[in-house]
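Take a look at the structure below.
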Amino acid sequence: MLELKAISKSYGNQQVLNNVDFKINSQEFISIIGKSGIGKTTLLSVLAGLVKPDQGKSFFQNEEISNYNEEQLAHFRLLNIGIVFQDFKIIPSLSAFDNVYLALHPRTDIAKTKKKERVKNVLNKVGLAHKSHDKVFNLSGGEKQRVAIARSLVGQPKLVLADEPTGNLDEATSESIMDLFQSLHSELSTAFVVITHDSDIANKTQKIYQLSSQKLELL
Ligand SMILES: Nc1ncnc2c1ncn2[C@@H]1O[C@H](COP(=O)(O)OP(=O)(O)OP(=O)(O)O)[C@@H](O)[C@H]1O
Ligand SMILES: [Mg+2]
């Protein structure tokens, strides 16, 4: 489904990715582990088309997307990709509901009532139905993280890229989020790539990759 070929990326003279190949097949459930600062978020950003690599190409369903312009990339993400950012990137002054709703705002193909229904469902799934009209700045760290997860899922993307999606959650909540990913994975045939430093989380996935020394290796 999404494929990187011979991707290299440096920031100044610091090389982060060196000739990385990576393929995510539809319906796969993958985790990526690696030390802090090694380049996991960079890799995810390249996958999402948010960061341009210095070298290499990316393909989505066999179509090259590395030559897309910003507008084409935004459209590609809107229809196909859900992203859980490591720093959430949610808007504190808006409610949980409105943050999630905003992700569907550009989707002119979905009726307003349908959008509202989807937002409600997904907030329910992450256990935040009772807080849906609270402003996000009043929510706890873990609750904010669940808003970010709900937002990544509401478009029913083919692929979810999640950067430490359970990083701030306690064990029970982490487990329920992973269970949610797993059930969506089978229900909606969504593929998931989860970046994690937690080996229990990684062990719940079908394939574990490790990023080290600028290379990605299947464990
Ligand atoms: N925009 C940028 N400009 C310059 N350097 C950057 C930029 N983004 C990341 N880096 C550097 O690239 C390296 C990899 O960063 P990245 O955020 O991808 O690591 P990570 O594996 O996600 O780390 P963590 O586990 O701490 O989130 C780091 O040394 C970081 O300082
Ligand atoms: Mg990171």
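If you're wondering where the values come from, they're calculated on a predicted model, not measured in any experiment. Ligands are counted one by one from 1 in listed order, and the atoms in each one are counted from 1 as well. Here, residue 1 is the first one in the sequence, and each next residue gets the next number.
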Residue pairs, two or more places apart or on separate chains, that pass salt bridge (Lys or Arg N to Asp or Glu O under 4.0 Å) and touch residues 148-164: none
Pairs satisfying salt bridge (Lys or Arg N to Asp or Glu O under 4.0 Å), at least one member in residues 125-141, at least two apart: K125-E187, K131-E143
Residue shell around ligand 1, heavy atom under 4.0 angstrom: Y11, Q14, V16, K35, S36, G37, I38, G39, K40, T41, T42, Q86
Heavy atoms of other groups near K215 NZ, more than 12 under 6.0 Å: yes
Interatomic distance, Q86 atom CD to T41 atom OG1 [nearest 0.5 angstrom]: 4.0 Å
F192 and F29 aromatic ring geometry - parallel, tilted or perpendicular at 30°/60° bounds: tilted
Atoms of type N/O/S from protein, distance to the Mg ion (ligand 2) below 2.8 Å: 2
Euclidean distance, I32 CD1 relative to L43 CG, rounded to 0.5 Å: 4.5 Å
K52, NZ atom: more than 12 neighbouring heavy atoms under 6.0 Å: yes
Side-chain (S31) to main-chain (V194) donor-acceptor, under 3.5 angstrom: no
Short N-O contact, K23 and D21, less than 4.0 angstrom: no
